[in-house]
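Here's the structure we're looking at; comments come further down.
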Amino acid sequence: MPRRISPAHPPNSALYPNRIMSNAGLNWLIWNDVTSGHGHAAHVPPMLFLIYVVWGVFLLLASRRPAAYSSFLSFTMWANLAHVLLMVVQATADLDRYWSKFLTDIPFLLILAVGIFLWRPKSTGSSV
């Protein structure tokens, strides 16, 4: 039977980014949240992290000229509201494990969505 490789202790750190960052806060917050289940490095968390970095850059750009980024701000508002609704359903379904989401992620994303709603330019047309 082949030897099992533990995701926490892979044999070659060059092939496993988790090993390199095992003591870093970034690893705890992002990489360890999703595992591949096969002893390999998970690819989804770094991709999601980069999406959020780019999203943050565009939010900073939108803060300078909200009118020029109106559709982006609307997308961000609705995406965060959808995320909140899904997270409420999922956290409620597994309340023993995810009760803390009601004190952390859910209010944060809701505040972000409401803030964008109040901050974005008022629409002059019939758009949403």
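Heads up: numbering here begins at 1 and tracks the sequence. Remember, predicted model here, so these are calculated numbers, not experimental data.
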Would a 4.5 Å heavy-atom cut-off, applied to side chains only, mark [X] and [Y] as touching?
X     : Y      : result
Tyr98 : Thr92  : no
Ser70 : Arg120 : no
Ser63 : Trp119 : yes
Leu73 : Leu59  : yes
Val84 : Met87  : no

So, taking the atom named [atom1] in [X] and the one named [atom2] in [Y], what distance separates them when rounded to the nearest 0.5 Å?
X     : Y      : atom1 : atom2 : result
Gln90 : Ile106 : CD    : CD1   : 9.5 Å
Met77 : Leu112 : CE    : CG    : 11.0 Å
Phe72 : Ile116 : CZ    : CD1   : 7.5 Å
Leu85 : Leu110 : CG    : CG    : 8.5 Å

Fill in: Within 6.0 angstrom of Trp99 CH2, more than 12 heavy atoms from elsewhere
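Atom CH2 in Trp99 is not packed in, count stays at 12 or less.
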Item to complete: Taking atom CZ of Phe108 as the centre, report whether more than 12 heavy atoms of other residues, nucleotides or ligands fall under 6.0 Å from it.
Response: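 Not more than 12 within 6.0 Å, no.
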Discussion item. Hydrophobic cluster membership, with links at side-chain heavy-atom distances under 4.5 Å among I/L/V/M/F/W/Y: are Leu103 and Ile111 in one?
Written reply: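 The answer is no; the residues belong to distinct hydrophobic clusters.
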Worksheet item: Looking at the rings of Trp78 and Phe117, which for Trp means the six-membered one, are their centres under 6.0 Å apart?
Response: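 Trp78 vs Phe117: aromatic centres not under 6.0 Å.
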Worksheet item: Is the centre of the Tyr52 ring less than 6.0 Å from the centre of the Trp55 ring?
Response: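 Yes, they do, as the ring centres are separated by less than 6.0 Å.
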Worksheet item: Where do Val88 and Phe102 come nearest, in terms of heavy atoms and distance?
Response: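 What the structure gives for the nearest pair is O-CZ, 4.0 Å.
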Discussion item. For the backbone of Thr76 and the side chain of Asn80, can you confirm whether one donor and one acceptor N or O come within less than 3.5 Å of each other?
Written reply: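 Checking the backbone N and O of Thr76 against the side chain of Asn80, a donor-acceptor pair under 3.5 Å is found.
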